[in-house]
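The structure appears right after this line, and notes come after that.
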Amino acid sequence: QSQPSVADESVLPNENFMDYLKRITEAKLDILNATYSDIYVASDTIVVRDERVYLKPLNFEDAFNTLKELNGTTHFVYSSLGILKNGEVYFDFDKTLIEFKTWKEEEIVNYIKKYTPYDKAGSYGIQDKDSPVKEIFGSYTNVLGFPIRTFFQYISEWVEFLNSK
């Protein structure tokens with residue numbers, strides 16, 4: 001069952017992007033008030049360029065400024081994996097390199113108006129037909145928002161729950 005996060009997702013002063021990603025992922029697990037007989041998974045996705053974290057945009061202007069800054073450049077997408085099992089937390093992540101197309105300002109505006117990417121880190125969705133992504137180096141599902149390759153590396157932690165219900 002999926003539950004939205006109520007964690008404060010703002011970046012703290014002097015917090016590096018990996019510390020941020022771990023803090024938010026663990027906060028998502030903490031709010032579950034989990035019993036020790038179950039397993040819980042949480043994930044978060046961030047866009048990072050030159051150590052700067054690009055979160056979900058607050059509004060049109062924020063989305064425009066983010067896409068303008070990422071325009072014609074490369075950046076990384078990190079999606080975390082948090083697993084809570086028997087009171088123990090496992091944290092891991094996947095990393096994908098993204099190269100953006102070079103767009104005119106009008107193309108950025110049109111993209112935001114058409115796709116309203118306000119719920120997406122970095123102000124874009126790789127799945128959008130007119131996405132600003134030129135090339136991807138790594139996992140598509142990681143950029144989509146879940147590090148499936150990393151998740152499968154932890155099969156020994158969750159496989160027992162597949163047949164238990």
Side-chain angles (χ1 to χ4, degrees), residues 1-32 40-84 89 91-152:
Q1 179 182 14
S2 178
Q3 294 182 4
S5 171
V6 293
D8 176 7
E9 294 190 19
S10 55
V11 179
L12 301 176
N14 301 317
E15 184 176 38
N16 76 43
F17 67 89
M18 192 53 64
D19 290 339
Y20 168 84
L21 189 60
K22 186 174 183 183
R23 178 176 61 83
I24 295 303
T25 304
E26 290 178 352
K28 288 179 176 185
L29 289 171
D30 285 346
I31 65 165
L32 294 172
Y40 295 90
V41 175
S43 183
D44 198 56
T45 301
I46 58 174
V47 170
V48 178
R49 180 172 169 253
D50 297 332
E51 303 292 317
R52 179 174 175 200
V53 177
Y54 293 87
L55 302 175
K56 297 172 187 171
L58 301 172
N59 51 40
F60 182 91
E61 182 181 6
D62 193 22
F64 178 83
N65 290 335
T66 294
L67 291 174
K68 190 172 178 183
E69 287 180 30
L70 297 175
N71 190 27
T73 67
T74 59
H75 61 270
F76 289 100
V77 174
Y78 293 84
S79 287
S80 63
L81 174 68
I83 299 174
L84 175 61
V89 174
F91 173 81
D92 209 337
F93 64 92
D94 199 353
K95 174 173 111 172
T96 303
L97 178 66
I98 298 292
E99 182 181 346
F100 258 19
K101 300 171 188 171
T102 301
W103 276 0
K104 297 177 181 152
E105 287 188 5
E106 178 182 336
E107 292 173 294
I108 295 172
V109 168
N110 290 339
Y111 174 79
I112 297 168
K113 286 180 179 178
K114 183 173 183 180
Y115 292 100
T116 59
Y118 304 119
D119 61 338
K120 295 176 176 50
S123 304
Y124 72 94
I126 193 168
Q127 72 277 15
D128 297 337
K129 181 182 174 212
D130 303 318
S131 168
V133 175
K134 179 178 180 181
E135 197 157 354
I136 176 174
F137 303 92
S139 170
Y140 176 86
T141 59
N142 185 59
V143 181
L144 198 55
F146 189 74
I148 196 76
R149 297 184 311 182
T150 304
F151 181 71
F152 285 135

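Using a 4.5 Å heavy-atom cutoff, the side chains of Y111 and D128 are in contact.
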Return a table of donor-acceptor pairs under 3.5 angstrom between the side chains of residues 113-122 and protein atoms on other chains or two or more places apart.
| unit_1 | atom_1 | unit_2 | atom_2 | d |
| --- | --- | --- | --- | --- |
| K114 | NZ | D130 | OD2 | 2.9 |
| Y115 | OH | D130 | N | 3.3 |
| Y115 | OH | D130 | OD2 | 3.0 |

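Note that the CG atom of D92 and the OG atom of S43 stand 11.0 Å from one another [nearest 0.5 Å]. Note that the CD1 atom of I98 and the CZ atom of F76 stand 10.0 Å from one another [nearest 0.5 Å]. Here the CG atom belonging to L84 is positioned 12.5 Å from the OG1 atom belonging to T25, to the nearest 0.5 angstrom. Interatomic distance, S123 OG to L70 CG, rounded to the nearest 0.5 Å: 7.5 Å. One distance of note links CG of N142 with CD1 of I136; it measures 8.0 Å at 0.5 Å rounding.
K95 meets the salt bridge (Lys or Arg N to Asp or Glu O under 4.0 Å) test with no other residue; sequence neighbours excluded. Contacts of Y124 classified as ring pair (Phe, Tyr, Trp, His ring centres under 6.0 Å), with partners at least two apart in sequence or in another chain: H75, F100. Residues that satisfy the side-chain hydrogen bond (donor to acceptor under 3.5 Å, both in side chains) test with E15, not counting sequence neighbours, are R23. Residues that satisfy the side-chain hydrogen bond (donor to acceptor under 3.5 Å, both in side chains) test with N71, not counting sequence neighbours, are absent from this structure. Listed by chain and residue number, nothing satisfies the side-chain hydrogen bond (donor to acceptor under 3.5 Å, both in side chains) test with Y78 (two or more places apart in sequence, or in another chain). Residues satisfying the ring pair (Phe, Tyr, Trp, His ring centres under 6.0 Å) test with F151, not counting sequence neighbours, are F146, W158. Checked against side-chain hydrogen bond (donor to acceptor under 3.5 Å, both in side chains), S139 has the following partners two or more places apart in sequence or in another chain: T141. Residues passing the side chain to side chain contact (heavy atoms under 4.5 Å, CB included) test with T45, sequence neighbours excluded: V77, S79. With sequence neighbours left out, F137 forms a side chain to side chain contact (heavy atoms under 4.5 Å, CB included) with L97, E99, E135. Checked against side chain to side chain contact (heavy atoms under 4.5 Å, CB included), E51 has the following partners two or more places apart in sequence or in another chain: F17.
In this structure, S131 contributes its side chain and Q127 its backbone to no donor-acceptor pair below 3.5 Å. Under the 3.5 Å distance criterion, the side-chain polar atoms of D50 are left unmatched by any main-chain donor or acceptor of R52.
The two residues L21 and D44 have their closest heavy-atom pair at CD1-O, 3.7 Å. Of all heavy-atom pairs spanning I24 and E9, the tightest one is CD1-CA, 3.7 Å.
Counting only residues at least two apart or on different chains, the side chain to side chain donor-acceptor pair (under 3.5 Å) pairs with a member in residues 100-110 are K68-E105.
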Steps toward side chain to side chain contact (heavy atoms under 4.5 Å, CB included) verdict (T150, F93): CA-CA 7 Å; T150 304; F93 64 92; over 6 Å; no
